[in-house]
Amino acid sequence: QVHLAESGGGSVQAGGSLRLSCTASGYTYTSNCMGWFRQAPGTEREGVAAIYTGGDGPYYADSVKGRFTISQDNIKNTVYLQMNSLNPEDTAMYYCAADIGPCLERPLEVRGFNFWGQGTQVTVSA
């Protein structure tokens, strides 16, 4: 089965930057949709960004558009999330997700992904 491992989380001050990494291992198909989601305490998990290898995208939530950038390194089998201009509202547990084949019509929905990492915490202080 597919295993996803996130890293790169931490604590930063408002206006700072972080780069999250997600490395996939195990059985995979040649093409897949990779996404980043986040969930703060007491809230539902929300999609942040997604990208499809060899297809359309990337896709971004309005709340992070212009600040976050998703990218994928096929050689390293790793997807990244560059997070700039962070603010306290970005504080959450960030999860890497994967789905076999192209992204769905609505690519930032939880139901579109079958494989999930354990998450990495991002904390932004004012």
Side-chain angles (χ1 to χ4, degrees):
Q1 62 184 41
V2 177
H3 175 71
L4 304 175
E6 305 99 331
S7 64
S11 299
V12 298
Q13 295 183 349
S17 299
L18 287 173
R19 189 181 74 162
L20 307 183
S21 299
C22 173
T23 299
S25 61
Y27 179 80
T28 60
Y29 293 92
T30 57
S31 61
N32 56 80
C33 180
M34 302 293 297
W36 285 98
F37 291 75
R38 66 186 183 186
Q39 185 171 21
T43 69
E44 295 185 352
R45 189 169 300 184
E46 64 173 345
V48 175
I51 188 171
Y52 174 61
T53 302
D56 296 335
Y59 312 93
Y60 297 99
D62 290 339
S63 60
V64 306
K65 193 172 299 182
R67 299 188 298 121
F68 292 7
T69 302
I70 186 172
S71 61
Q72 186 171 9
D73 187 330
N74 292 331
I75 301 300
K76 297 181 179 179
N77 206 21
T78 299
V79 63
Y80 304 95
L81 184 67
Q82 179 66 46
M83 310 164 66
N84 298 326
S85 301
L86 288 164
N87 57 63
E89 288 70 34
D90 296 315
T91 296
M93 183 73 73
Y94 282 71
Y95 298 91
C96 177
D99 184 49
I100 303 302
C103 300
L104 298 180
E105 184 177 356
R106 296 180 174 87
L108 300 182
E109 294 185 348
V110 170
R111 64 183 180 181
F113 296 86
N114 295 311
F115 305 97
W116 295 84
Q118 295 300 308
T120 183
Q121 179 67 40
V122 172
T123 302
V124 185
S125 60

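Only heavy atoms go into these numbers, but all of them, side chains included; no hydrogens, no water, no symmetry mates. This one's a predicted model, so the numbers in the text were calculated from it and none came from an experiment.
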N/O donor to acceptor pairs below 3.5 angstrom from side-chain atoms of residues 98-109, sequence neighbours left out:
from   : atom 1 : to     : atom 2 : distance (Å)
Asp99  : OD1    : Asn114 : ND2    : 3.0
Glu109 : OE1    : Arg111 : NE     : 2.6
Glu109 : OE1    : Arg111 : NH2    : 3.0

Joint hydrophobic cluster, Met93 plus Leu86, side-chain heavy atoms closer than 4.5 Å: no
Minimum-distance pair of heavy atoms, taken over all atoms of Ala92 and Gln121: O-NE2, 3.4 Å
Hydrophobic cluster identity match, Tyr60 and Leu18, side-chain contacts under 4.5 Å: yes
Over 12 foreign heavy atoms within 6.0 Å of CD, Gln118: no
From CA spacing to verdict: side-chain contact (heavy atoms from CB on, under 4.5 Å), Thr23, His3: CA-CA 8 Å; Thr23 299; His3 175 71; over 6 Å; no
Side chain Asp73, main chain Thr78, donor-acceptor under 3.5 Å: no
Listed partners of Phe113 passing ring-ring contact (aromatic ring centres under 6.0 Å, His included), at least two apart: Phe37
Val122 with Ile70, same ILVMFWY side-chain cluster at under 4.5 Å: yes
Smallest separation among heavy atoms of Ala24 and Leu4, with atom names: CB-CD2, 3.6 Å
For Arg67, salt bridge (Lys or Arg N to Asp or Glu O under 4.0 Å) partners two or more places apart: Asp90
Residue pairs involving residues 6-20 (criterion side chain to side chain donor-acceptor pair (under 3.5 Å); sequence neighbours excluded): Ser17-Asn84
Closest contact, heavy atoms only, Thr91 versus Ala40: O-CB, 3.8 Å
Hydrophobic cluster identity match, Tyr94 and Val124, side-chain contacts under 4.5 Å: yes
Test side-chain hydrogen bond (donor to acceptor under 3.5 Å, both in side chains) applied to Tyr80 - qualifying residues, sequence neighbours left out: none
Same apolar cluster: Tyr95 and Tyr52, side chain cutoff 4.5 Å: no
Ser21 and Lys76, any side-chain heavy atoms less than 4.5 Å apart: no
Separation between OG1 of Thr69 and CE of Met83, rounded to the nearest 0.5 Å: 11.0 Å
For Glu89, all residues meeting side-chain hydrogen bond (donor to acceptor under 3.5 Å, both in side chains), sequence neighbours excluded: none
Heavy-atom side-chain contact between Trp116 and Cys96 under 4.5 Å: no
Minimum side-chain heavy-atom gap Glu46-Val64 below 4.5 Å: no
